[in-house]
There are 2 protein chains.
Amino acid sequence: MKKEISSAVIKRLPRYYRYLGELLEEGVERISSGELSEKMGVTASQIRQDLNNFGGFGQQGYGYNVNYLYKEMSKILGIDNNHNIIIVGAGNLGQAIANYSNFAKRGFIINAIFDNNPDIVGKEVGDMKIMDTNELADYVMNNHVDIAALAIPKVESTVIAQELVSLGVKAFWNFSHIDLNLPEDVVVENVHLSESLMRLSYNLTNKEKTFL
Amino acid sequence: MKKEISSAVIKRLPRYYRYLGELLEEGVERISSGELSEKMGVTASQIRQDLNNFGGFGQQGYGYNVNYLYKEMSKILGIDNNHNIIIVGAGNLGQAIANYSNFAKRGFIINAIFDNNPDIVGKEVGDMKIMDTNELADYVMNNHVDIAALAIPKVESTVIAQELVSLGVKAFWNFSHIDLNLPEDVVVENVHLSESLMRLSYNLTNKEKTFL
DNA sequence: TAGATTGTTAATCGATTAACAATC
DNA sequence: TAGATTGTTAATCGATTAACAATC
């Protein structure tokens with residue numbers, strides 16, 4: 001049985017992936033943990049420890065092959081396969097997500113977007129037509145949905161999330177300012193923008209203490 | 001001299017604030033660390049430790065006064081004063097941020113939005129007209145800007161951030177997929193949506209291991 | 001006063017860093 | 001082979017939890 005990977009490690013993985021992607025674009029073939037640590041501002045020890053949770057990707061005396069490590073990392077992250085996403089809520093944020101074409105490059109395919117406002121149902125967003133939220137259940141039953149992005153007010157998202165779980169959806173990208181309380185086999189990733197902004201405010205307000 | 005507050009603690013503060021706000025709305029007057037811990041799914045010990053970094057807000061035998069703690073928390077977070085924000089980039093994401101009226105409730109006032117695309121400069125977003133990015137420096141010199149939100153491609157954000165720093169901007173809300181490398185007295189809060197999505201992908205792909 | 005619950009110290013647990021033998 | 005750098009164990013550091021005296 002595999003030992004559990006700590007969430008501290010998991011949080012760092014996408015950043016490794018991003019740096020490896022940049023190195024690849026620059027045509028860098030190999031990199032040592034020491035060089036990468038300098039670039040990323042972390043310790044070489046941490047990089048080696050983190051990677052070795054998933055296997056030995058390097059070679060003594062050589063370092064890591066960038067292309068190989070990049071590909072392995074994409075497998076670890078599960079982005080070597082496509083993910084089908086639907087968006088619930090076609091307000092500004094929902095539309096922004098829908099239009100963000102970079103996700104598709106990473107295999108995140110946005111297939112449908114829903115809203116309960118009759119004024120916008122039927123409108124085009126990217127290459128999709130906004131569907132009515134009352135078609136949501138039907139859609140989920142007839143199409144494979146890996147991830148549901150919730151870009152709706154918190155009162156609605158509790159109900160919608162429950163419904164989607166009962167229809168078999170196993171992963172939520174939650175932009176609502178609420179902690180979804182879902183069964184433990186359901187995965188939730190929160191993007192709480194207002195909390196992010198408060199952290200910024202805290203750091204801005206209190207930094208003087210550190211620098212005086 | 002005050003002891004440094006760990007970033008683990010700081011990350012939790014906005015969530016406390018959110019729960020306290022909800023309690024306040026429900027009309028709850030007092031709460032013990034034990035009750036709150038149950039609601040939030042953390043230990044009571046952690047709550048007391050976290051709060052006591054900033055002072056003794058409770059009372060033995062009674063618990064915490066919700067209204068008082070909520071207000072104190074807003075001071076700690078620095079949201080008892082308004083913050084003036086500008087947004088650079090009026091694409092979907094920039095417009096979504098601009099239109100998100102909830103921020104104003106917390107004292108985050110969005111004053112201006114800029115873009116370098118002549119097709120959209122002059123258009124209305126909320127109650128603002130999109131300004132040309134070549135007016136940005138002028139604007140910052142003549143108006144007080146606390147926070148700049150960067151909703152532009154990564155190649156642009158490096159340059160723009162440097163410029164804004166030289167004009168005195170001290171805080172960035174960075175939506176670009178890049179690590180801004182700014183002087184250490186400048187505060188950066190990153191919102192890396194694609195990394196968030198990769199973490200979701202990781203957890204979705206690997207959860208079976210945990211639940212089998 | 002007695003009961004409840006904080007504030008805070010001490011104990012535990014986990015994550016990060018350092019060190020170095022293995023090895024390419 | 002000699003030099004470099006990994007993979008991994010051990011040491012340190014920090015964060016979380018437990019415990020309890022202080023006190024409302």
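- Within residues 9-33 of chain A, the residues having any heavy atom under 4.0 Å from DNA chain D are, by residue number, A/Ser32, A/Ser33.
- Taking the six-membered ring where the residue is Trp, the centroids of A/His177 and B/Tyr100 are separated by under 6.0 Å.
- For residues 25-54 of chain A, the salt bridge (Lys or Arg N to Asp or Glu O under 4.0 Å) pairs, not counting sequence neighbours, are A/Arg12-A/Asp50.
- A pairwise comparison of heavy atoms in A/Tyr16 and A/Gln46 identifies OH-O, 4.0 Å as the closest pair.
- Separation of the A/Trp173 and A/Phe108 ring centroids does not fall under the 6.0 Å cut-off.
- With sequence neighbours left out, A/Tyr19 forms a ring-ring contact (aromatic ring centres under 6.0 Å, His included) with no residue at all.
- If you take CG of A/Leu51 and P of D/dG7, they are 8 Å apart, rounded to a whole angstrom.
- Protein atom CZ of A/Phe54 is 14 Å distant from nucleotide atom P of D/dG7, rounded to whole Å.
- Using a 4.0 Å cut-off between charged nitrogen and carboxylate oxygen, B/Lys170 and B/Asp185 count as a salt-bridge pair.
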Just the table, please: protein N/O against nucleotides 10-14 of chain C N/O, every pair under 3.5 Å.
none

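- By the salt bridge (Lys or Arg N to Asp or Glu O under 4.0 Å) test, B/Lys11 is found to be paired with no residue, residues two or more places apart in sequence or in another chain being considered.
- When base pairs are accepted only as Watson-Crick or G-U wobble with both N-N or N-O distances under 3.5 Å, DNA chain C takes part in stems of 3 or more pairs at C:3-24 with D:3-24.
- Identified under the salt bridge (Lys or Arg N to Asp or Glu O under 4.0 Å) test for residues 53-64 of chain A, with sequence neighbours left out: none.
- The 5' end of DNA chain D is approached more closely, in terms of each residue's nearest nucleotide, by A/Phe57 than by the other of B/Val42 and A/Phe57.
- Counting to the nearest Å, the P atom of C/dA15 and the CG atom of A/Asn52 are 16 Å from each other.
- Sorted pairs that involve residues 82-97 of chain A and meet salt bridge (Lys or Arg N to Asp or Glu O under 4.0 Å), not counting sequence neighbours, are lacking altogether.
- Spacing between atom CD1 of A/Ile47 and atom P of C/dA15 amounts to 18 Å, rounded to whole angstrom units.
- Partners of A/Ala137 according to the side-chain contact (heavy atoms from CB on, under 4.5 Å) rule, which considers only residues two or more places apart in sequence or in another chain, are A/Met141, A/Glu163, A/Leu167.
- B/Asn67 is linked by a side-chain contact (heavy atoms from CB on, under 4.5 Å) to B/Leu24, B/Asn65, B/Lys71, counting only residues two or more places apart in sequence or in another chain.
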Report task. Would you mind building the protein contact string for nucleotides 19-24 of chain C? One character per nucleotide, 5' to 3', B for base within reach (heavy atoms under 4.0 Å), S for sugar-phosphate only, - for untouched. Result -> BB-BBB
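- The nearest whole Å value for the distance from the CG atom in B/Asp50 to the C1' atom in D/dA15 is 10 Å.
- At the phosphate of C/dT16, neither OP1 nor OP2 sits under 4.0 Å from any side-chain N or O atom of A/Thr43.
- Atom C1' of nucleotide C/dT5 and atom CD of B/Gln46 are separated by 18 Å, given to the nearest angstrom.
- Counted within 6.0 Å of CG on B/Asp127, heavy atoms from surrounding residues, nucleotides or ligands total 12 or fewer; the atom is thus considered open.
- Sorted by first and then second residue, the pairs that involve residues 81-97 of chain A and meet side chain to side chain donor-acceptor pair (under 3.5 Å), not counting sequence neighbours, are A/His83-B/Ser201, A/Asn84-A/Asn111, A/Asn92-B/Asn99.
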